[in-house]
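Everything on this sheet refers to the single structure shown next.
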Amino acid sequence: MAVKPTTLDAYQLIHDGVLCLGRAEQVGIRVDVQYCEQKKEFLTKKIERSERLLKETEFMRDWRRKYGASFNMHSNQQLEDILYNVMGLKAAKETTSGAGSTDEDTLGQLGIPELDSLIQVRKLKKIRDTYIDAFLREQVNGILHPFFNLHTTKTYRSSSNSPNFQNIPKRDKEAMKICRRALKPRPGNQLLEVDFSGLEVSIAACYHKDKTMMKYLTSDHSDMHSDLAEQLFIIPDFDKVKYPEHKHLRNASKNGFIFPQFYGDYYGNNAVSLAVQWAKLGQGAWGPGQGVAMPGGLTIGDHFLSKGIRHFDQFVQHVKAIEEDFWGKRFWEYQKWKERWLAQYQKAGYFDLKTGFRCTGVMRKNEVINYAVQGAAFHCLLWSFIQVDRIITERKMQSRLIGQIHDALIVDVVPEELDELGFIIRKVTCVDLAKHWKWIIVPLDVEADICEVDAPWSEKHGHKLPEVV
DNA sequence: GGAACTCGCCAC
DNA sequence: AAACGTGGCGAGTTCC
């Protein structure tokens, strides 16, 4: 594509995308029905056992005394009433409508053992009702056909439903194993997942062209997340390879500061997340011997004291200063782009994505910034999906694209075709894509995971794709 | 008995 | 001055 993508180009992308996502829907993904039925029964028994034990507790008896026949331990409305009216406890957080929150985090802070059990039951019910049950309900002759929609989102991303193929548990190990064990390749095949690494960060860079960011994205020796971890946790000899503790803090920097900042969050929330979730330093428990371990046997609480950060409030100010440095100095060109982008929208009433799509309507600042990036990033995946689908068809290969998760494509692969297909996907995503769209000015990279023949999706492991020379 | 709502929670 | 983007979906609830 020689010139800037037009509305017609955008239309063509959706047109082609709908056709090949439709093909993926038709192929579907194999589900182990017998496993799901067994697991459903197992989970039900486990849930019922926990519920029986819980019902006998004093906490639940008091609850039942008030609600009688309508007592339901899974009603958050009743729970809110019991905790914050009857017992007079103070909620750490409120919902958007002003009620005391009953989410996992808030309940955990109350230190009531029965609530910990209730959270455990909630997790099991989530797995059973949202995933295993949905798989059984939606499957036809042992095949699921998740829908992939291109017409439902404000950002021109996709969505998926019946069942939603894009939110199957991954991070929680237990939930991941139970749910993904149900999904398998067709007999004799393997499931292959290929995802772009840091796609949204790279696509954002194509808009703002910040020099510091460009350097991070093109150099093998610089690492943005380590650099920020060094700053946030005041560790001059930061070494994520040498110390597992530092690797943890790098994840903290990435998920507790950098990504939220890119989405428009601010230091106040970052400080809470970094301290409580990542450093394990409760806002009231800041001090010697507190928090996650550091190399050498001391804790991060000891470490912060030695660096002069003695209270949570001081840490907030510390993170505030880092935020100012982050946008004011380190990524100042990124910051300037955000300001220009917003001003352009406020003047024109719309903005155009790199891929030819136009966003109109009333939007908040963060939405104006984020939509442009999210949409164009997904279109990189969609274009790749279309090309791979076309090549598979042209070459009369038997492997099949079966789904997509925003920056990842999932293929049901015939083992004999794995190398050829790996090469095709690598070439499409890392070479052809940037030739098609000249606005892609940073190198894109992909990572892959694969399951052995006939093994379920829970057993995927890293897979090296062939290099394109 | 269904529509529409809130809340919580899973993914990127 | 304010303060995290996009989705789908289940359970509970309320309203009609």
Side-chain angles (χ1 to χ4, degrees), chain A residues 67 70-81 93-107 118-119 121-135 137-138 146-172 174-176 178-180 193 195-201 203-204 255-273 316 319-320 323 327 359 363-378 381 403-410:
Chain A
Y67 280 89
S70 65
F71 164 80
N72 178 351
M73 70 168 79
H74 303 297
S75 162
N76 290 329
Q77 196 172 287
Q78 291 181 20
L79 180 56
E80 194 252 349
D81 180 42
K93 192 166 61 179
E94 289 183 351
T95 66
T96 40
S97 69
S101 172
T102 56
D103 67 10
E104 178 179 356
D105 190 47
T106 311
L107 295 188
L118 193 63
I119 291 166
V121 180
R122 249 191 211 171
K123 286 186 192 295
L124 295 177
K125 279 171 67 73
K126 173 85 179 173
I127 294 169
R128 183 192 64 179
D129 300 338
T130 306
Y131 300 104
I132 301 298
D133 232 13
F135 293 165
R137 186 182 66 241
E138 299 293 342
F147 290 90
F148 295 98
N149 317 297
L150 294 177
H151 64 287
T152 63
T153 71
K154 296 190 281 185
T155 57
Y156 300 107
R157 260 193 182 182
S158 65
S159 70
S160 170
N161 66 293
S162 305
N164 184 347
F165 190 64
Q166 298 178 321
N167 75 344
I168 299 167
K170 184 174 193 177
R171 291 169 199 145
D172 182 309
E174 190 198 354
M176 184 281 281
I178 296 174
C179 297
R180 297 190 175 215
E193 178 170 355
D195 66 308
F196 283 99
S197 13
L199 184 61
E200 286 191 5
V201 174
I203 296 312
N255 299 310
F257 183 82
I258 293 182
F259 282 165
Q261 282 285 339
F262 286 163
Y263 282 132
D265 203 2
Y266 87 117
Y267 67 89
N269 289 336
N270 301 155
V272 174
S273 157
V316 175
V319 180
K320 183 180 184 210
E323 181 189 280
W327 292 112
C359 289
M363 286 173 264
R364 289 179 292 266
K365 182 170 88 180
N366 287 343
E367 293 172 325
V368 173
I369 308 295
N370 289 329
Y371 291 5
V373 175
Q374 286 189 355
F378 169 66
L381 186 279
Q404 149 280 126
I405 312 178
H406 306 304
D407 70 348
L409 40 91
I410 292 88

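In what follows, chains are A, B, ... by sequence order, proteins preceding strands, each numbered from 1.
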Q: For C/dT6, take OP1 and OP2 only and decide whether either is under 4.0 Å from a side-chain N or O of A/Lys154.
A: yes

Q.
Among A/Val373, A/Asp407, A/Asn370, which residue satisfies the side chain to side chain contact (heavy atoms under 4.5 Å, CB included) criterion with A/Glu200?
A. A/Val373

Q.
With a 4.0 Å cutoff (strictly under), does any side-chain N or O of A/Arg171 reach OP1 or OP2 of B/dC12?
A. yes

Q. Is it the case that A/Gln261 and A/Asn270 place a side-chain donor and acceptor less than 3.5 Å from each other?
A. yes

**Q.** Contact under 4.0 Å: A/Tyr371 side-chain N or O vs C/dT6 OP1/OP2
**A.** yes

Q.
When you measure from the side-chain N and O atoms of A/Thr102 to the phosphate of B/dG8, is any distance below 4.0 Å, counting only OP1 and OP2?
A. yes

Q: Give a yes or no on whether a salt bridge exists between A/Lys126 and A/Glu104, defined as a side-chain N under 4.0 angstrom from a carboxylate O.
A: no

Q. Where the side chain of A/Pro169 is concerned, which of C/dG12, C/dC4, B/dC10 is the nearest nucleotide?
A. B/dC10

Q. Looking across every strand, which nucleic acid part, if any, lies under 4.0 Å from A/Thr96 by heavy atom: base, sugar-phosphate, or nothing?
A. sugar-phosphate

**Q.** Below 4.0 Å: OP1/OP2 of C/dG7 and any side-chain N or O of A/Gln374
**A.** no

Q: Grab the CZ-P distance between A/Phe71 and C/dT13 for me, whole Å please.
A: 11 Å

(Q) Please check: side-chain N/O of A/Gln374 versus main-chain N/O of A/Thr155, any donor-acceptor pairing under 3.5 Å? (A) no

Q | Nucleotide nearest A/Asp407 when distance is taken to its side chain, options B/dC12, C/dG8, C/dG12 | A | B/dC12

Q: Could you check how far NZ of A/Lys320 sits from P of C/dA2, rounded to whole Å?
A: 14 Å

Q. So, is A/Thr155 near the phosphate of C/dG5, with a side-chain N or O under 4.0 Å from OP1 or OP2?
A. no

Q. When you check the phosphate oxygens OP1 and OP2 of C/dG10, does a side-chain N or O of A/Lys125 lie under 4.0 Å from one of them?
A. no

For nucleotides 14-16 of chain C, which of its nitrogen or oxygen atoms have a protein nitrogen or oxygen under 3.5 Å away, and what is each distance?
{"from": "C/dT14", "atom 1": "OP1", "to": "A/Gln77", "atom 2": "NE2", "distance (Å)": "3.3"}

Q.
As a test of reading the structure: which of C/dG8, C/dT6, B/dC7 is closest to the side chain of A/Ser97, going by heavy atoms?
A. B/dC7

**Q.** Rounded interatomic separation in angstrom, taking NE2 from A/His406 and P from C/dG7
**A.** 10 Å

Q) Separation of A/Glu104 atom CD from B/dC10 atom P, in whole Å? A) 7 Å

Q: Find the distance A/Phe262:CZ to C/dT6:P and express it as a whole number of Å.
A: 18 Å

Q.
Ignoring hydrogens and geometry beyond distance, is the side chain of A/Lys126 in donor-acceptor contact with the base of B/dC9 at under 3.5 Å?
A. yes

Q) What about A/Arg157: does its side chain form a donor-acceptor pair under 3.5 Å with the base of B/dC12? A) yes

Q) C/dA3 P sits how many Å from A/Asn269 CG, rounded? A) 10 Å

Q.
Measuring to OP1 and OP2 of C/dG8, would you say a side-chain N or O of A/Asn161 lies under 4.0 angstrom away?
A. no

Q. For A/Ser159 and C/dG8, is the shortest distance between a side-chain N/O and OP1 or OP2 below 4.0 Å?
A. yes

(Q) Heavy atoms only, 4.0 Å cut-off, all strands: where does A/Asp265 land among base, sugar-phosphate and nothing? (A) base

Q) Picking from C/dA3, C/dT13, C/dG10, which would you name as closest to the side chain of A/Arg137? A) C/dG10

(Q) Which residue is it: A/Gln78, A/Lys93, A/Glu80? I am looking for the one with a side chain to side chain contact (heavy atoms under 4.5 Å, CB included) to A/Thr102. (A) A/Glu80

Q: Under 4.0 Å between any heavy atoms, over every strand shown, what does A/Gln78 touch: base, sugar-phosphate, or nothing? Just pick one.
A: sugar-phosphate

(Q) Applying a 4.0 Å non-hydrogen cut-off, can you work out what A/Gly268 is touching in the nucleic acid: base, sugar-phosphate, or nothing? (A) nothing

Q | Interatomic distance where CD1 belongs to A/Ile168 and P belongs to B/dA11 [whole Å] | A | 10 Å

Q: Answer yes or no: does a side-chain N or O of A/Thr130 lie under 4.0 Å from OP1 or OP2 of C/dG10?
A: no

Q. Is A/Asp133 touching bases, backbone alone, or none of the nucleic acid, heavy atoms closer than 4.0 Å?
A. nothing

Q) Over how many whole Å does the gap from A/Phe135 atom CZ to C/dG8 atom P extend? A) 17 Å

